Novice: 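Take a look at the following structure, please.
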Amino acid sequence: MAIHQNDHQARRRFVEWAQNEIAVVPDFHKRILFSDEAHFWLNGYVNKQNCRIWGEANPQVYVETPLHPEKMTVWCALWAGGILLQKR
C-alpha cells in the first residue's frame with residue numbers, strides 16, 4: 001500500500017493496522033525492515049530518474065556512452081537488529 005503526502009486516511013489505516021499487530025505480537029516493531037537499493041555506474045553515468053543535477057553547462061551536449069556500462073548495485077536494510085548491506 002503506497003502512502004502519499006496528503007493521504008491522511010491511508011496513514012490513519014496504517015497506524016491502526018500497526019497498533020493491532022503490536023497488540024497481538026508485542027515485539028512486532030522489531031520485525032520491521034526498511035530497505036532500498038541504488039545503482040552506481042562506474043563510468044560516471046547518473047540515473048536522471050532518481051537524481052536531479054543543476055548546472056550552468058549546455059544540457060544539449062551529446063556524450064557517447066557504452067551500451068552496457070559497468071555498475072555496482074548496493075542494497076541496504078535497517079531494522080531493530082542492525083544494518084544489512086550487500087554489494088553486487
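Note that the structure is a prediction, hence the values are computed from the model and not measured.
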Novice: Can you name the residues that form a ring-ring contact (aromatic ring centres under 6.0 Å, His included) with F40, not counting sequence neighbours?
Specialist: none
Novice: Give, for atom CD1 of I22 and atom CH2 of W17, the distance between the pair rounded to the nearest 0.5 Å.
Specialist: 9.0 Å
Novice: Is it the case that more than 12 heavy atoms not belonging to W79 sit under 6.0 Å from its CH2 atom?
Specialist: no
Novice: Let me check something: do L33 and V74 share a hydrophobic cluster, defined by ILVMFWY side-chain heavy atoms less than 4.5 Å apart, either directly or through other members?
Specialist: no
Novice: Determine, using the 4.5 Å side-chain heavy-atom cutoff (strictly less than), whether F14 and I32 are members of one ILVMFWY cluster.
Specialist: yes
Novice: Would a 4.5 Å heavy-atom cut-off, applied to side chains only, mark V15 and Q19 as touching?
Specialist: yes
Novice: With the side chain counted from C-beta on, respond yes when V25 and D27 share a heavy-atom pair under 4.5 Å apart, and no when they do not.
Specialist: yes
Novice: Looking at Q9, I'd like to know if its CD atom is crowded, meaning that more than 12 non-hydrogen atoms belonging to other residues, nucleotides or ligands lie closer than 6.0 Å.
Specialist: no
Novice: Work out which heavy atom in F28 is nearest to a heavy atom in A18; give both atom names and the distance.
Specialist: CD2-O, 4.5 Å
